[in-house]
Amino acid sequence: MSCHFIFSSPLHSDRFYGASVKIQPFSDPRPFTSPLFPSHLNNSVFRCPQAKGLESLANLVSTVEETPDPIPTTIKGTIPSWINGSFLRNGPGKFEFGEDRYTHWFDGMAMMHRFHICEGNVTYSSRFLRSDSYVQNSEKNRIVVSEFGTFASPDPCKNIFERFFSRFQIPKATDNAAVNFVKYKGDYYVSTETNYMRRVDPQSLETKEKVDWTQYVAVNSATAHPHYDREGATYNMGNSYGRDGSFYNIIRVPPPEEKEGEDSAELNGAEVICSIPATEPRKPSYYHSFVMSENYIVFVEQPIKLDLIRFLLYRIMGKSFNQIMVWDPQCDTIFHLVNRHTGKVSQVRYYAGPMFTLHQINAFEDNGFLIMDMCCGDDGEFIGDFTLENLRSETGEKMDKFYNSLCRTLPRRYVLPLTVDEDTPLDQNLVTLPNCTATSSDQLKSELHSDELLQYGGLEFPHINYDKYNGRPYRYFYSCGFGHVFSDSLLKMDVHTKELKVWRYPGLYPSEPVFVASPKATEEDDGVVLSVIITPREDKSTFLLVLDAKTFTELGRAEVPVNIPYGFHGVFNEMG
């Protein structure tokens, strides 16, 4: 027997907001029709104001020089003396080798940045990751390793037959780990979304050994957004492909142990605790992150598909990886629920209309429900649009048209009932949380924001007080607002009231905000928010911004006399 429940909660609810979701037993093979998701008139592209006269951001995606030796910064205002550690950032910093140019922003060579903060003073240093990709490209003075959006042409020194047959060889994945800093067993790594990571020294930014996930667990890739539990274990997800189809695998790496012998990468004990078969074996979903509460992991199988047939042909055709990604709005979004402690997959699947999500905000359990807050959009075709040609457009119609065509991501809440099964009566009101008036109506979606957010272009790069509130009920998150192609504001949102606090100045483009709690914090937002601010208007005018997390007002800034390109993700290393 199948159970197809649709439940939602009105937008006027003070605290909990649900979403239209259909529940179906895991084993039910029958086709189904999900409730329609928003029409184009409700799409965030049309709800957010259209921009005109946007300035060029070309300087923010240009190659810069590394600064391996720490240099002093100029302090304006006050940097709290209790902040003691290093703010580490990662992202692309080199976009050409010789006459060869990268096509996509994601392809630039990884550059690591370190702002070391101690007793109110700040120093800055940076290094290119000495990945195999970087080293080989440098030695040949051309692009010899394919990246996400750039296909590396065959070696021109080979004869015509060698070049032809080289297209039939399966290319090795890049180790250009330009996405994030991650931590396993106490060691820092930089990571991308292939099977390779690089261990790094978080103080000197020295590149250490290359680590291949396939040597530890049977996966072909892993995300750059793991989760950490309070016992010190790390969880991640990675795909695997074989004769039996495609699988989404949940990986657990145990807590750190005291090291003996030489200093080296050590992921022993890593294990796959759960493998979820892809709904479409030849078209598994792309995912950038996943959801974790105290007791559950949720994998969001979304309609951004990896076409494996195209993958087999793309090398022969000279196509880059991003061209095998397909947005299929005819597919539903499926939530797979897994017990984090046992690895058991729920026999109930949760279905929603088509949407995409790159980053989750938080997830927690409450009275038999799993509440998931994520940054969501309704058009997943945008990823391939971030070409360097588009990003380097001059001020004018072309830049405005590019930005105005992009889907904006907005915070959305999904509520999954944990107690349903195939015997649950049809048409039952499933959401019975306090302060939530839910019905089995065909409401399309619910949002975690007011219309005020729309004027800031939606949001992305969410962060919370992770150490204390990840997987638990929370109230605040911090993010970037996107009134331009790159973020042009910092936002603090109260998920109980939808109130926004904003830091925004013309011509300044902030990085992902990272929360650092004060040593004697008693409240969730007692601490600071760190963000790197860059601008295309002035040369060598970058600064590290420190905001009071409670009031969202500036405490101080550390001005750096070097150029820094726009990057992806970062962490605060208290031991730094």
Problem - Step-by-step side-chain contact (heavy atoms from CB on, under 4.5 Å) determination, Thr333 to Glu301 - result: CA-CA 6 Å; Thr333 302; Glu301 191 173 17; over 6 Å; no
Practice task
Output the distance between atom OG (Ser479) and atom CG (Leu490), rounded to the nearest 0.5 Å.
Solution key: 8.0 Å
Problem - Results of ring pair (Phe, Tyr, Trp, His ring centres under 6.0 Å) for Phe299 - residues two or more places apart only - result: Tyr248, Tyr287, His336
Fill in the blank from the handout: With sequence neighbours left out, the residues meeting ring pair (Phe, Tyr, Trp, His ring centres under 6.0 Å) with His484 are Tyr509
Exercise for the section: Find the distance between OG (Ser511) and CG (Asn90) and round it off to the nearest 0.5 Å. Expected result: 12.0 Å
Handout entry: Side-chain H-bond candidate by donor/acceptor type, Ser86 with Arg114, under 3.5 Å
Key = yes
Handout entry: Test salt bridge (Lys or Arg N to Asp or Glu O under 4.0 Å) applied to Arg230 - qualifying residues, sequence neighbours left out
Key = none
Handout entry: Salt-bridge present (Lys498, Glu452; N to O < 4.0 Å)
Key = no
Handout entry: Asp373/Arg412 salt bridge by N-O under 4.0 Å criterion
Key = no
Exercise for the section: Give every residue pair that meets the salt bridge (charged side-chain N to carboxylate O under 4.0 Å, His left out) criterion with at least one member in residues 454-463, sequence neighbours excluded. Expected result: none
Exercise for the section: Go through the structure and list residues passing salt bridge (Lys or Arg N to Asp or Glu O under 4.0 Å) with Glu512, not counting sequence neighbours. Expected result: Arg89
Handout entry: With sequence neighbours excluded, residues passing ring pair (Phe, Tyr, Trp, His ring centres under 6.0 Å) with Tyr478
Key = Phe515
Practice task
List for me each residue that meets ring pair (Phe, Tyr, Trp, His ring centres under 6.0 Å) alongside His359, sequence neighbours excluded, and say none if there are none.
Solution key: His225, His288, Phe461, His569
Problem - Contacts of type salt bridge (Lys or Arg N to Asp or Glu O under 4.0 Å), residue Glu206, not counting sequence neighbours - result: none
Side-chain atoms of residues 56-64: list all donor-acceptor pairs with protein atoms under 3.5 Å, sequence neighbours left out, distances to 0.1 Å.
unit_1, atom_1, unit_2, atom_2, d
Ser56, OG, Ala58, N, 3.3
Ser56, OG, Ser393, O, 3.2
Asn59, ND2, Pro536, O, 3.2
Ser62, OG, Ala58, O, 2.8
Thr63, OG1, Phe95, N, 2.9
Thr63, OG1, Glu96, OE1, 3.4
Thr63, OG1, Glu96, OE2, 2.6

Fill in the blank from the handout: Quick note, salt bridge (charged side-chain N to carboxylate O under 4.0 Å, His left out) partners involving residues 518-531, not counting sequence neighbours, are Lys492-Asp525, Glu523-Lys550, Asp525-Lys550
Handout entry: Asn236 side chain vs Thr223 backbone, donor-acceptor pair below 3.5 Å
Key = yes
Practice task
Using side-chain contact (heavy atoms from CB on, under 4.5 Å) as the criterion, list what pairs up with Lys76, not counting sequence neighbours.
Solution key: Thr74, Arg557, Glu559
Completion exercise
Those residues at least two apart in sequence (or on a different chain) that pass salt bridge (Lys or Arg N to Asp or Glu O under 4.0 Å) with Arg340 are Asp229
Exercise for the section: Could you tell me whether Tyr228 and Tyr235 have their ring centroids closer than 6.0 angstrom? Expected result: no
Practice task
Measure from the ring center of Tyr189 to the ring center of Phe181 and say whether it is less than 6.0 Å.
Solution key: no
